[in-house]
Amino acid sequence: MDVGFIGLGVMGSPMALNLARAGTPLVVWNRTAAKSEALRAAGAEVAGGPAEVCKRARVVFLMLADGAAIDSVLGRGTPGFGATVAGCVIVHMGTTSPGYSRGLGADVRAAGGAYVEAPVSGSRGPAEAGELVAMLAGEPAAVAEVRPLLGPMCREAIVCGAVPGALLMKLSVNLFLITMVTGLTEAFHFADRHGLDTRQFLTVLDAGPMASTVSRAKIRKLVGRDFAVQASIANVLDNNRLVAEAARESGVASPLLDVCHALFGETLALGHGGSDMVAVLHAIESRTDADPAA
């Protein structure tokens, strides 16, 4: 049978293209139809709607913005939901709250389908290169069915137990990413405002033990004031909120994340919601400029 893919946005489009280019028999759908044309050119078939994707495909990958988008696409809460998901393995690859995923999984299974969480770590660049890292959770048989299909999209696929273990793992990774990139941006701002050569700062960082794929990509964007999106401020702020809510629900302290949440909120308010996450620099600069003695 075909493999289904629904959601051809910043992440979903390159992920689905990698599947199609690897020869995966793929049927796709996206709310904005024009975004399906690159997939059609790569050999995928374009369905007329989500129900058709689920009818034709045993495994259906969802790369959608949030729970509301997933519910709308699958018709969750409507009489059509059961007919859409029955007999399918629904694979949730986006980032939502763990509680939402737990409920979605229960509803899919009750309707006669199977459910796997497979959120990914990585932004648009790794998605284009097929270098994402997937975290998997679900019933072992369903996970085993999905895992081999991830090869063209992901360099690693790590099983994290039962739902919502994969999403909790993703939120843990996101907490580190958000605080790390914010710290890197603040360090860049510190060097810049002290009149240091920021390209030399880049060189020193690259040469040292703190260098990473993320630091190398993000420091170059900072030096060039390149805010073209890889992971947007709005998206990171939403992820920050999910982590904070999960922390509050479980009574876990998250002091660094809370500071980042405030900074990303300020960046959004300054009008940079569609810019890359390093645009948090604008909020840090704004604080400095508002209080030069700070």
statement: Across all chains, not counting sequence neighbours, the side chain to side chain donor-acceptor pair (under 3.5 Å) partners of Arg241 are Asp238, Glu245
- prompt: Which pair of heavy atoms, one from Leu257 and one from Ala244, lies closest together, and at what distance?
  reply: CD2-N, 3.6 Å
task: Output all residues satisfying side chain to side chain donor-acceptor pair (under 3.5 Å) with Arg109, sequence neighbours left out; order by chain, then residue number.
output: none
Joint hydrophobic cluster, Leu263 plus Phe227, side-chain heavy atoms closer than 4.5 Å: yes
- prompt: Listed by chain and number, what are the side chain to side chain donor-acceptor pair (under 3.5 Å) partners of Arg102, not counting sequence neighbours?
  reply: none
query: Salt bridge or not for Arg220 and Asp206, using N-O below 4.0 Å?
result: yes
- request: Apply the test side-chain contact (heavy atoms from CB on, under 4.5 Å) to residues Ser232 and Met277: give CA-CA distance (whole Å), side-chain angles for both, the deciding distance (0.1 Å), then the verdict.
  value: CA-CA 5 Å; Ser232 75; Met277 65 187 300; over 6 Å; no
message: Can you confirm whether Arg216 is buried at CZ, in the sense that more than 12 heavy atoms of other residues, nucleotides or ligands lie under 6.0 Å from that atom?
response: yes
- request: Run through Asn239, Asn240, Val243 and flag the one making a side-chain contact (heavy atoms from CB on, under 4.5 Å) with Leu175.
  value: Val243
message: Against Lys218, only a single residue in Thr185, Thr213, Asp276 fulfils side chain to side chain donor-acceptor pair (under 3.5 Å); can you say which?
response: Asp276
- prompt: Between Phe188 and Phe201, how do the two ring planes meet: parallel, tilted or perpendicular, split at 30° and 60°?
  reply: tilted
field: Whether over 12 other heavy atoms sit under 6.0 Å from Glu139 CD
entry: no
query: After noting the C-alpha distance and the side-chain angles of Val146 and Val89, does the key distance pass the side-chain contact (heavy atoms from CB on, under 4.5 Å) rule?
result: CA-CA 8 Å; Val146 169; Val89 182; 3.7 Å; yes
query: Any donor and acceptor pair, going by atom type alone, linking the side chain of Tyr100 with main-chain N or O of Gly67 inside 3.5 Å?
result: yes
- request: Please assess Val133 against Cys154 for the test side-chain contact (heavy atoms from CB on, under 4.5 Å), listing each intermediate value before the final yes or no.
  value: CA-CA 5 Å; Val133 175; Cys154 305; over 6 Å; no
- request: Check whether any side-chain heavy atom of Ser72 lies under 4.5 Å from a side-chain heavy atom of Arg31, and answer yes or no.
  value: yes
message: Can you confirm whether more than 12 heavy atoms, excluding those of Glu266, are under 6.0 Å from its CD atom?
response: yes
message: Suppose we screen for side chain to side chain donor-acceptor pair (under 3.5 Å). Which residues come up paired with Lys170, at least two apart in sequence or across chains?
response: Thr95
- line: Residue pairs meeting ring pair (Phe, Tyr, Trp, His ring centres under 6.0 Å), one or both in residues 28-86, sequence neighbours left out, come to none
task: Apply side-chain contact (heavy atoms from CB on, under 4.5 Å) to Leu8 and Leu39, showing your working.
output: CA-CA 9 Å; Leu8 303 174; Leu39 270 299; 4.2 Å; yes
Within one Ile-Leu-Val-Met-Phe-Trp-Tyr cluster: Ile6 and Met63, side-chain cutoff 4.5 Å: no
- prompt: What heavy-atom pair brings Ala211 and Leu205 nearest, and what distance separates the two atoms?
  reply: CB-O, 3.4 Å
- request: Write down the atom of Gly82, the atom of Ala111, and the distance for their closest heavy-atom approach.
  value: CA-CB, 3.8 Å
task: Indicate yes or no: does Asp258 engage Arg248 in a salt bridge with an N to O separation below 4.0 Å.
output: yes
Closest non-hydrogen atom pair between Glu117 and Pro164, with its separation: OE2-CA, 3.1 Å
task: State plainly whether one hydrophobic cluster holds both Val214 and Phe264, where clusters connect Ile, Leu, Val, Met, Phe, Trp and Tyr through side-chain heavy atoms under 4.5 angstrom apart.
output: yes
task: Among residues two or more places apart or on two chains, list those pairs meeting salt bridge (Lys or Arg N to Asp or Glu O under 4.0 Å) that have a residue in residues 43-54.
output: Glu45-Arg56, Glu52-Arg56
message: Check for me, please, whether Met135 and Leu242 land in the same ILVMFWY cluster - side-chain distances under 4.5 Å, paths through other members count.
response: no
task: Could you tell me whether Arg225 and Glu285 have a side-chain N and a carboxylate O separated by less than 4.0 Å?
output: yes
